[in-house]
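Below, read A as the first sequence line, B as the second, and so on, with proteins coming before strands; counting in each chain starts at 1.
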Amino acid sequence: MLKGKKQIMKARVTVSLKIDVLDPQGKAILNALNNLTFNNVRSVRQGKIFDIILNENDIKAAKEQLEAICEKLLVNTVIENYHIEFLS
Amino acid sequence: MKTAIIQFPGLNRDYDMTTALKKITGYLPYKIWQTETTLPDVDMIVIPGGFSYGDYLRCGAIAARQPVIQAIRKKAEKGVMVLGVCNGFQILLESGLLPGTLMRNISLKFVCRKVKLEVANADTAFSRSYSPGQIIRCPVAHHDGNYFTDKKTLEQLEDNGQVVFRYAKGDNPNGSIHDIAGIINKRGNILGMMPHPENLIEPAHGGIDGRFLFTSALGIAS
């Protein structure tokens with residue numbers, strides 16, 4: 001690696017509704033699945049995925065930055081949780 | 001009597017609000033674009049309804065991170081009245097100027113009709129022209145008006161009388177917790193509400209129930 005040049009880091013942020021928050025869309029999908037005779041499906045919760053590419057070498061710094069990104073924009077912490085994973 | 005309307009790409013109720021403010025105050029409001037970092041001296045700042053940024057990410061989420069929001073925050077700290085209607089309410093919540101959030105309607109349907117509202121607190125600058133418990137009519141038009149917040153915040157809102165408008169019994173169009181239609185901040189100068197008072201201000205609208213909200217807030221004879 002060249003000195004001073006930053007590596008590419010790929011991350012996936014998964015945003016899901018908190019467990020005690022009602023998810024009407026997930027419920028509608030569940031009903032549709034049951035109508036399609038997938039009768040053993042008991043629950044569906046809908047969420048979002050963000051694939052993010054950063055110029056960063058330090059995984060700890062990247063994680064901290066992604067947490068700030070989640071708290072400041074991607075996630076509404078009143079109703080949503082998030083999970084960060086690195087893909088490469 | 002000076003007012004300002006904040007504009008974001010995708011809002012579509014700004015013209016209705018401009019017309020209402022012109023009719024009620026006699027003057028056109030300033031139109032303020034989202035990139036402005038300072039605001040003129042006004043008595044009230046209004047964020048109208050619509051679909052800012054196409055409701056991308058979450059309703060109001062992108063608009064709430066634009067430069068003008070800091071300018072609104074500064075004015076609000078000085079006590080300037082701020083009103084957010086529909087998407088404007090969503091933007092106030094996303095920017096943290098009011099607590100809680102608005103989720104998808106429990107029916108999953110867009111609702112566009114007149115609802116009955118109960119004036120839950122007639123002791124605010126915005127609602128003092130109504131009587132406590134008065135039932136008024138007001139149009140709603142939204143897909144994401146289902147107010148939600150955590151238990152502790154909900155208790156605080158109720159204890160402090162911050163719930164200003166509630167959907168009248170049996171007329172909750174979106175599943176809002178405690179039938180909440182509009183809330184105010186603790187200080188009492190920032191009101192957010194899903195219904196559209198600007199669409200019921202003259203007899204041609206079929207009623208003037210919404211007009212009193214503006215005359216209350218601006219301290220003008222109705």
* To do: Would you give the length of the straight line joining atom CG of A:Leu22 to atom CZ of B:Arg104, rounded to the nearest 0.5 angstrom?
  => 13.5 Å

* Under 3.5 Å, side chain of A:Lys72 to main-chain N/O of B:Arg65, donor-acceptor pair present? -> no

* For atom CG of B:Asp41, decide whether the heavy atoms of other residues, nucleotides or ligands shown that lie under 6.0 angstrom number more than 12. => no

* Asked: For B:Phe110, does the CZ atom have more than 12 heavy-atom neighbours from other residues, nucleotides or ligands under 6.0 Å away?
  -> yes

* B:Tyr15, OH atom: more than 12 neighbouring heavy atoms under 6.0 Å -> no

* Structure fact -> Rounding to 0.5 Å, atoms CG (B:Leu93) and CG (A:Asn76) come to a distance of 8.5 Å

* List in chain and number order the residues that pass salt bridge (charged side-chain N to carboxylate O under 4.0 Å, His left out) with B:Asp55, two or more places apart in sequence or in another chain; answer none if no residue qualifies. => none

* Asked: What's the spacing between B:Lys151 NZ and A:Asp20 CG if we round to 0.5 Å?
  -> 10.5 Å

* Heavy-atom side-chain proximity of B:Arg58 to A:Lys48 below 4.5 angstrom -> yes

* Asked: Would the number of heavy atoms belonging to other residues, nucleotides or ligands and lying under 6.0 Å from CG of B:Asp123 be above 12?
  -> no

* Asked: What residues form a salt bridge (charged side-chain N to carboxylate O under 4.0 Å, His left out) with A:Glu64, not counting sequence neighbours?
  -> A:Lys60

* Asked: NZ/A:Lys27 to CG/B:Leu108 distance, rounded to the nearest 0.5 angstrom?
  -> 10.0 Å

* Structure fact -> B:Leu57 and A:Leu73 have their tightest heavy-atom pair at CD2-O, 3.5 Å

* Nearest-0.5 Å distance that lies between atom OG1 in B:Thr149 and atom CD1 in A:Ile79 -> 10.0 Å

